[in-house]
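Single-structure report; data block below.
Here, residue 1 is the first one in the sequence, and each next residue gets the next number.
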Amino acid sequence: MQSQAVPLQSDSSPVRIVIAAVQSSFRTLLRKQVESEAHFHVVGTASNTRAALALLRRLKPDILLIECALNRELSIHCSSEPPAAGIVVIIETPRIQDIVEAFELGARGVVLRASLPLVWKTGLRSVLAGQYWVEDKSVALLLEAVRNLLGRPQPAKPLPDFGLTLRE
């Protein structure tokens with residue numbers, strides 16, 4: 001699933017957000033935190049992938065704030081038609097596998113579930129500006145993964161077999 005850059009909103013129009021999270025209490029808390037920002041408006045919430053897809057198609061939000069497990073399911077359903085919304089994935093703990101997977105599946109940002117509202121808002125604003133965003137705690141993990149990837153020797157590619165002998 002490919003993600004598209006979301007244009008920055010003008011000051012006059014609110015940023016429209018859909019929240020997709022399994023637990024009702026977490027959705028309610030998240031909505032309250034997000035809407036404490038004057039220009040952010042939660043236009044819908046979903047507890048599963050099917051409901052999130054319906055909201056995405058009907059409401060066309062600017063941002064989809066979605067839990068990691070639901071994002072995996074969403075990417076399967078949207079492989080042919082990625083959502084136009086900027087996707088920000090909520091992860092439980094800063095594990096490199098979850099962070100990398102989120103970006104591979106089209107996320108523009110990754111936030112930790114236990115983060116403070118100020119961190120969430122910074123991430124949402126960055127994604128709206130068309131940037132990729134990951135909070136400070138996770139940057140070190142991403143850098144370590146890149147270092148490991150760059151430090152690995154690339155496997156030798158076999159030469160193509162054109163029916164020639166080694167001498168030829």
Requested in this report: Please round to the nearest 0.5 Å and tell me the distance separating atom CG of Leu64 and atom CG of Asn71.
Outcome: 7.5 Å
Query raised in the report: Is there a side-chain contact between Ile19 and Phe26 (heavy atoms, below 4.5 Å)?
Result: no
Query - Trace of the side-chain contact (heavy atoms from CB on, under 4.5 Å) decision for Arg58 with Leu55 - result: CA-CA 5 Å; Arg58 185 170 47 99; Leu55 289 173; 3.2 Å; yes
Requested in this report: Taking all non-hydrogen atoms of both residues into account, name the closest pair between Leu56 and Ala85 and its distance.
Outcome: CD2-CB, 4.1 Å
Query raised in the report: Looking only at atom types and distance, does a side-chain atom of Glu35 sit under 3.5 Å from a main-chain N or O of Phe40, one as donor and one as acceptor?
Result: no
Report task. Identify the two heavy atoms, one from His41 and one from Pro14, that lie closest to each other, and give their separation to 0.1 Å. Result -> CB-CB, 4.2 Å
Query - Side chain proximity check, Val89 to Phe103, heavy atoms < 4.5 angstrom - result: no
Query raised in the report: Any chain of hydrophobic side-chain contacts (each under 4.5 Å) joining Leu29 to Ile66?
Result: no
Query raised in the report: Glu37 and Arg125: side-chain contact (heavy atoms from CB on, under 4.5 Å), yes or no, with the steps?
Result: CA-CA 11 Å; Glu37 176 71 28; Arg125 283 189 201 104; 2.8 Å; yes
**Report entry** Flag side-chain contact, heavy atom, 4.5 Å: Glu67 against Arg113
**Finding:** yes
**Report entry** Leu128 and its side-chain contact (heavy atoms from CB on, under 4.5 Å) partner, picked from Ile17, Asp62, Val88
**Finding:** Asp62
**Report entry** Approximate separation, where rounding is to 0.5 Å, of Gln97 CD and Ile99 CD1
**Finding:** 9.0 Å
Query raised in the report: What closest approach, in Å, do Leu112 and Glu92 show between heavy atoms, and which atom pair accounts for it?
Result: CD2-O, 4.3 Å
Query raised in the report: Are Glu73 and Arg50 ion-paired here, with the side-chain N under 4.0 Å from a carboxylate O?
Result: no
Query raised in the report: Between Leu59 and Val43, what is the shortest heavy-atom contact and its length?
Result: CD1-O, 3.4 Å
Query raised in the report: Under the side-chain contact (heavy atoms from CB on, under 4.5 Å) criterion, do Trp133 and Thr122 qualify, and how do the steps go?
Result: CA-CA 9 Å; Trp133 190 86; Thr122 302; 4.0 Å; yes
Query raised in the report: Between Glu101 and Cys68, what is the shortest heavy-atom contact and its length?
Result: OE1-SG, 4.1 Å
Query - Closest non-hydrogen atom pair between Ser75 and Leu105, with its separation - result: OG-CD2, 3.4 Å
Query raised in the report: Roughly how far, to the nearest 0.5 Å, is the OG atom of Ser115 from the CD atom of Gln33?
Result: 9.5 Å
Requested in this report: Could you check if a side-chain atom of Val22 sits within less than 4.5 angstrom of a side-chain atom of Asn48, using non-hydrogen atoms only?
Outcome: no
Report task. Start with the C-alpha gap between Val127 and Ile63, add the side-chain angles, then the distance that decides, and say whether side-chain contact (heavy atoms from CB on, under 4.5 Å) holds. Result -> CA-CA 8 Å; Val127 169; Ile63 295 280; 3.6 Å; yes
Report summary line: side-chain contact (heavy atoms from CB on, under 4.5 Å) test vs Leu30 passes for just one of Leu65, Val42, Thr45, namely Leu65
Query raised in the report: Considering only heavy atoms from C-beta outward, does the side chain of Ser126 approach that of Arg108 to under 4.5 Å?
Result: no
Query raised in the report: Do the side chain of Arg27 and the main chain of Ala20 share a donor and acceptor less than 3.5 angstrom apart?
Result: no
